[in-house]
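First comes the structure, then the notes that go with it.
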Amino acid sequence: MNHRLANKRALVTGGSRGIGAAIVRRLAGEGAHVALTYVSNPAKADETVQAARAFGVKALAVQADSADAAAVVAAVEKTVSELGCIDILVNSAGIAVIAPLDDYRLEDLDHTLAVNVRAVFVATQAAVKHMQPGGRIINIGSCNAERMPFAGGGVYAMSKAALVGLVKGLARDLGPRGITINNVQPGPVDTDMNPATSDFAKMLIQLMALPRYGTGDEIASLVAYLASSEAGYVTGASLTIDGGFTA
Ligand SMILES: NC(=O)c1ccc[n+]([C@@H]2O[C@H](COP(=O)([O-])OP(=O)(O)OC[C@H]3O[C@@H](n4cnc5c(N)ncnc54)[C@H](OP(=O)(O)O)[C@@H]3O)[C@@H](O)[C@H]2O)c1
């Protein structure tokens, strides 16, 4: 693996499992020191920290519920105190509560917006205070911001569509500071959130140009590009990586 990110300092929210963990491993593999947040599974967080350290970089896990704004700010501050600075913020923590409209609970709507949207703003606001020109913010959105082909996913789609607008607006705040902010929109990826072996997966695959689920490593590859100096002219963008789900 190349070392495009040698000695950069990164924080990946929701980096203990799934897509976030693949991003942690990829950034570490490219030479970045990495902090990750998790909420409920310290064993998985530790496993991912060990995998990152195997690349010879510093790595740490911080328990921080993205629904709790103070915890998110504290995780950014912990990253800065442990790693010395922050160059790359990846907002990957996310939840999906899928339920029919008639049964959808308002507390699930509020929790989804707190984790998938508000935490992204809070972490970004806290991180950019410490970022130098060349800093990178990368959010993990979803192809469902553009296409939601089944019932019950309206709130999730809304939360991910919000990130499309957020990166456009914040790109204007951050451009003069030499910091880019972008949104990566995966299609179906095989994780605990969306296992490739379910009946739901069989339905989704029929909607895709490439008839398979993606992997966390495929998403991490695009994130690593955006984190690198090669992507210095990309900002305010929502880049879809979805096997043709939205084609
Ligand atoms: N999988 C897909 O098909 C897919 C497609 C498009 C977009 N996405 C997006 O990609 C991101 C990652 O999804 P995934 O499939 O990898 O999910 P996942 O397998 O459920 O993993 C979620 C990760 O986020 C952490 N997390 C969950 N809630 C959190 C909270 N309140 N505060 C802090 N961390 C929290 C989890 O930590 P714990 O281990 O402690 O629970 C875990 O590390 C999400 O934003 C999701 O919406 C996923």
Side-chain angles (χ1 to χ4, degrees), residues 11-26 34-49 51-52 61-76 90-98 108 110-120 122-123 138-150 153 155-164 166 183-198 200-201 203-205 207-208 212-220 222-223 238-243 245-246:
L11 169 62
V12 182
T13 71
S16 57
R17 290 186 286 118
I19 293 171
I23 293 167
V24 167
R25 290 192 303 268
R26 177 69 188 234
V34 192
L36 65 87
T37 70
Y38 67 99
V39 65
S40 62
N41 192 333
K44 277 285 174 192
D46 189 52
E47 201 178 289
T48 305
V49 163
V62 185
Q63 204 264 343
D65 185 347
S66 286
D68 176 350
V72 171
V73 173
V76 170
V90 182
N91 290 299
S92 184
I95 56 168
V97 180
I98 308 297
D108 288 331
D110 289 341
H111 192 222
T112 300
L113 292 179
V115 174
N116 292 9
V117 183
R118 189 178 65 160
V120 172
V122 170
I138 301 149
N139 305 324
I140 306 303
S142 170
C143 63
N144 290 138
E146 295 182 23
R147 186 184 191 206
M148 176 43 88
F150 53 87
V155 169
Y156 180 71
M158 171 176 68
S159 74
K160 296 303 189 178
L163 299 180
V164 176
L166 187 68
N183 189 26
V184 168
Q185 301 188 139
V189 175
D190 185 20
T191 65
D192 296 337
M193 180 189 279
N194 187 5
T197 48
S198 67
F200 180 67
M203 180 274 288
L204 282 185
I205 285 170
L207 304 175
M208 300 176 64
R212 68 170 177 87
Y213 265 40
T215 66
D217 289 341
E218 287 172 317
I219 308 307
L222 180 54
V223 171
S238 288
L239 304 176
T240 299
I241 171 166
D242 69 350
F245 182 89
T246 50

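The structure displayed is predicted, hence computed values, not measured ones. Order of appearance sets the numbers: ligands from 1, and atoms from 1 within every ligand.
- The shell of residues lying under 4.0 angstrom from ligand 1, judged by heavy atoms, excludes T13.
- The part of Y156 lying near ligand 1 is the side chain, judged by heavy-atom distances below 4.0 Å.
- Considering only non-hydrogen protein atoms, atom 34 (N) of ligand 1 sits nearest to A93 CB, 3.7 Å.
- Residue I140 approaches ligand 1 through these ligand atoms, each under 4.0 Å from one of its heavy atoms: 9 (C), 10 (O), 11 (C), 45 (O).
- Nearest heavy atoms, A71 versus A64: O-CB, 3.6 Å.
- Side-chain contact of T246 with D242: a donor-acceptor pair under 3.5 Å is present, judged by distance alone.
- For the atom pair OG1 (T37) and CG (L11), the distance works out to 6.0 Å, reported to the nearest 0.5 Å.
- Looking only at distances, no side-chain donor or acceptor of S142 sits under 3.5 Å from a matching main-chain atom of Q185.
- Note: I140 CD1 to K160 NZ = 8.0 Å, rounded to the nearest 0.5 Å.
- When only interatomic distances are considered, the shortest N/O to N/O separation between P186 and ligand 1 does not fall below 3.5 Å.
- In this structure, CG on L36 lies 6.5 Å from OG1 on T48, to the nearest 0.5 angstrom.
- Of the possible donor and acceptor atoms, none in the side chain of N139 sits under 3.5 Å from a partner among the backbone N and O of G141.
- Of the protein's non-hydrogen atoms, the one nearest atom 21 (O) of ligand 1 is R17 NH1, 3.8 Å.
- The shortest non-hydrogen separation linking N116 to A93 is OD1-O, 4.4 Å.
- Set against the non-hydrogen atoms of M193, the atoms of ligand 1 under 4.0 Å away are 13 (O), 15 (O), 17 (O), 18 (P), 19 (O), 20 (O), 46 (C), 47 (O).
- Counting heavy atoms only, G187 comes closest to atom 5 (C) of ligand 1 of the residues G187, S142, P188, A201.
- Among protein heavy atoms, the minimum distance from atom 32 (N) of ligand 1 is reached at S66 N, 2.8 Å.
- Residue contact annotation: A96 has no non-hydrogen atom under 4.0 Å from ligand 1.
- When non-hydrogen atoms are compared, ligand 1 lies under 4.0 Å from neither the backbone nor the side chain of K44.
- Without hydrogens or angle criteria, D190 side chain to A196 main chain gives a donor-acceptor distance under 3.5 Å.
- Between R25 and E47 there is no salt bridge, since no side-chain nitrogen of the basic residue lies less than 4.0 Å from a carboxylate oxygen of the acidic one.
- Looking only at heavy atoms of the protein, atom 40 (O) of ligand 1 is closest to S40 N, 2.6 Å.
- Distance alone, capped at 3.5 Å, places no donor-acceptor pair between the R26 side chain and the D217 backbone.
- Nearest heavy atoms, A145 versus V164: CB-CG2, 4.1 Å.
- Contact annotation: for K160 versus ligand 1, heavy atoms closer than 4.0 Å belong to the side chain alone.
- With a heavy-atom cut-off of 4.0 Å, D65 touches ligand 1 through backbone and side chain alike.
- When each of N194, T191, T197 is checked for a side chain to side chain donor-acceptor pair (under 3.5 Å) with Y213, only N194 meets the rule.
- Nearest heavy-atom pair across V122 and A69 is CG1-O, 3.7 Å.
- In the candidate list G20, A145, S92, S92 is nearest to atom 44 (C) of ligand 1, counting heavy atoms.
- At under 3.5 Å, a nitrogen or oxygen of V39, whether backbone or side chain, sits near a nitrogen or oxygen of ligand 1.
- The protein atom (non-hydrogen) at minimum distance from atom 14 (P) of ligand 1 is T191 OG1, 3.7 Å.
- At a heavy-atom cutoff of 4.0 Å, ligand 1 is contacted by the backbone of A64 but not by its side chain.
- Protein heavy atom at the shortest distance from atom 4 (C) of ligand 1 is I19 CD1, 4.0 Å.
- Within the set G94, S16, G141, the minimum heavy-atom distance to atom 7 (C) of ligand 1 is found for G141.
- Atoms of ligand 1 lying under 4.0 Å from any heavy atom of D192, numbered from 1 in the order shown and given with element: 19 (O).
- At under 3.5 Å, not a single nitrogen or oxygen of T37, backbone or side chain, sits near a nitrogen or oxygen of ligand 1.
- Here the heavy atom of the protein found nearest to atom 24 (O) of ligand 1 is G14 CA, 3.4 Å.
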